[in-house]
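Here the structure comes first, spelled out in structure tokens, and everything after it is commentary.
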Amino acid sequence: MKALSQRRRHPLAAIALLLMGLLLTGGIYAVASNANEAKAQTTFSASDIEEGEKLFVANCATCHGMGAAGTEDGPSLVGVGAAAVDFQVGTGRMPLQMQGPQALQKPVQFTDEQIRQMSAYVASLGAGPAIPGEEELDLEGADPAAGGELFRVNCAMCHNAAAAGGALTRGKFAPALEGVTDKHIYEAMITGPQNMPVFSDANITPEGKQDIIAFLNIIEEQGSPGGADLGSLGPVSEGLFIWVAGLGVIIAFTVWLTSRSS
């Protein structure tokens, strides 16, 4: 017992305990992160990965490098997950048309099967967010009112309160969300494309993400019940319209009066 007591009081014991605590904390965090990323993971076959690698080498390796390790023209894709590929390629942003402040949306260049195969290949390179499945995209019990609150707190500062998009710095912009599919909205939240931050399940729960999507669907279905939306920019565009239209009416009335007096 005396020898055991002496070992417990060893000056390196505190350091050893600290290291053990750090290793345990890191291990728990890694397990939790992997479990979160593996959620709704689509099972890809070896054939999907093989075909996806061929498509990647032919269409993406020029910028992202062989093995998707990245180059000076494109970032590494190791660990971005299948959801990032499905979003970027599925919305036509990739392959990149031209270098610029951000990737612009354009017609999709690949079929759904090819996109799935490329997603499978990138997913095989490292754990990352998976393509959301039916469970994540089920809006049966979603609350649009709660989604509107979450959207205004987390998204409206860039995308506008009416999801009409807005300008950012240095030529960048937050796109309008009209016409974007539920799957791509969910993927954008979990992958953080372009200038958008990542909203993990710790930031916004899966239920919260569903609420946001339900809110966006509602405002898109409603359109603009008050008439012309004028870009959904609120008092700025409305005030400018009134100023220009009012000034035009005053000028026209002045011209009419002077022509009658002459």
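What's counted below: heavy atoms across the whole structure, side chains too, no hydrogens, waters or symmetry copies.
- Checked by atom type and distance alone, the side chain of Gln114 pairs as donor or acceptor with a backbone atom of Thr111 at under 3.5 Å.
- With sequence neighbours excluded, no residue forms a side chain to side chain donor-acceptor pair (under 3.5 Å) with Asp73.
- Side-chain N or O atoms of Asp211 include one that pairs as donor or acceptor with a backbone N or O of Asp143 at under 3.5 Å.
- Looking at Glu51 and Glu113, their side chains never come closer than 4.5 Å, going by heavy atoms from C-beta outward.
- Between atom CG of residue Asp112 and atom OG of residue Ser119 there is a gap of 10.5 Å, rounded to the nearest 0.5 Å.
- Checked by atom type and distance alone, the side chain of Thr191 pairs as donor or acceptor with a backbone atom of Glu187 at under 3.5 Å.
- Between Glu149 and Arg152 no salt bridge is recorded (no basic side-chain N to carboxylate O distance below 4.0 Å).
- Taking the side chain to side chain contact (heavy atoms under 4.5 Å, CB included) definition, one finds that Gln102 meets it with Lys172, Phe173, Gln194, Asn195, sequence neighbours left out.
- Closest approach of Ile190 to Ala83, counting heavy atoms only: CD1-CB, 4.0 Å.
- Among residues at least two apart or in separate chains, side-chain hydrogen bond (donor to acceptor under 3.5 Å, both in side chains) pairs with a member in residues 86-98 are Asp86-Lys183, Thr91-Arg93.
- For the residue pair Ala164 and Ala176, the shortest heavy atom distance occurs at O-CB, 3.4 Å.
- Judged by distance alone, with hydrogens and angles left aside, the side-chain atoms of Glu136 form a donor-acceptor pair with the main-chain N or O of Gly133 at under 3.5 Å.
- Residues passing the side chain to side chain contact (heavy atoms under 4.5 Å, CB included) test with Ala163 are Phe151, Leu177, Leu216, Ile219, sequence neighbours excluded.
- Shortest non-hydrogen contact noted between Ile49 and Ser124 is CG2-OG, 3.7 Å.
- Leu139 CG to Glu207 CD: the interatomic distance, rounded to the nearest 0.5 Å, is 12.0 Å.
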Requested in this report: Begin with the C-alpha distance, continue with both residues' side-chain angles, and end with the deciding distance and a verdict on side chain to side chain contact (heavy atoms under 4.5 Å, CB included) for Leu125 and Leu77.
Outcome: CA-CA 8 Å; Leu125 302 176; Leu77 299 183; 5.5 Å; no
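- Note: the hydrophobic cluster containing Val57 does not contain Met118 (ILVMFWY, side chain heavy atoms under 4.5 Å, direct or indirect links).
- Not counting sequence neighbours, the partners of Tyr121 by the ring-ring contact (aromatic ring centres under 6.0 Å, His included) test are Phe56.
- Remark: His159 engages no residue in a side chain to side chain donor-acceptor pair (under 3.5 Å) (not counting sequence neighbours).
- Listed by chain and residue number, nothing satisfies the side chain to side chain donor-acceptor pair (under 3.5 Å) test with Thr254 (two or more places apart in sequence, or in another chain).
- Not a single salt bridge (Lys or Arg N to Asp or Glu O under 4.0 Å) links Asp182 to another residue, sequence neighbours left out.
- Taking CD of Gln117 as the start and OG of Ser47 as the end, the distance is 6.5 Å to the nearest 0.5 Å.
- Atom CE in Met189 sits 12.0 Å away from atom OG in Ser200 (nearest 0.5 Å).
- The two residues Ala142 and Ala214 have their closest heavy-atom pair at CB-CB, 3.7 Å.
- A search for side chain to side chain donor-acceptor pair (under 3.5 Å) contacts involving Thr181 returns His184, not counting sequence neighbours.
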Side-chain donor/acceptor pairs under 3.5 Å, residues 59-67, sequence neighbours excluded:
unit_1: Asn59; atom_1: ND2; unit_2: Leu55; atom_2: O; d: 2.8
unit_1: His64; atom_1: ND1; unit_2: Pro75; atom_2: O; d: 2.8

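- Shown here for Pro129 and Gly79, the closest heavy-atom pair between the two residues is CD-O, 4.4 Å.
- For the pair Asp201 and Lys209, the minimum side-chain heavy-atom distance is below 4.5 Å.
- By the rule that hydrophobic residues join a cluster once side-chain heavy atoms approach within less than 4.5 Å of another member, Leu96 and Phe87 end up as members of separate clusters.
- Val198 and Tyr186 fall into different hydrophobic clusters, where Ile, Leu, Val, Met, Phe, Trp and Tyr side chains are chained together by heavy-atom contacts under 4.5 Å.
- Atom SG in Cys158 sits 5.0 Å away from atom CG in Leu168 (nearest 0.5 Å).
- Connection of Val122 to Val89 is established within a shared hydrophobic cluster, with ILVMFWY side chains joined at heavy-atom distances below 4.5 Å, either directly or through further cluster members.
- Asp138 is linked by a side chain to side chain contact (heavy atoms under 4.5 Å, CB included) to Glu140, counting only residues two or more places apart in sequence or in another chain.
- Partners of Asn154 according to the side chain to side chain contact (heavy atoms under 4.5 Å, CB included) rule, which considers only residues two or more places apart in sequence or in another chain, are Leu150, Phe199, Ile204.
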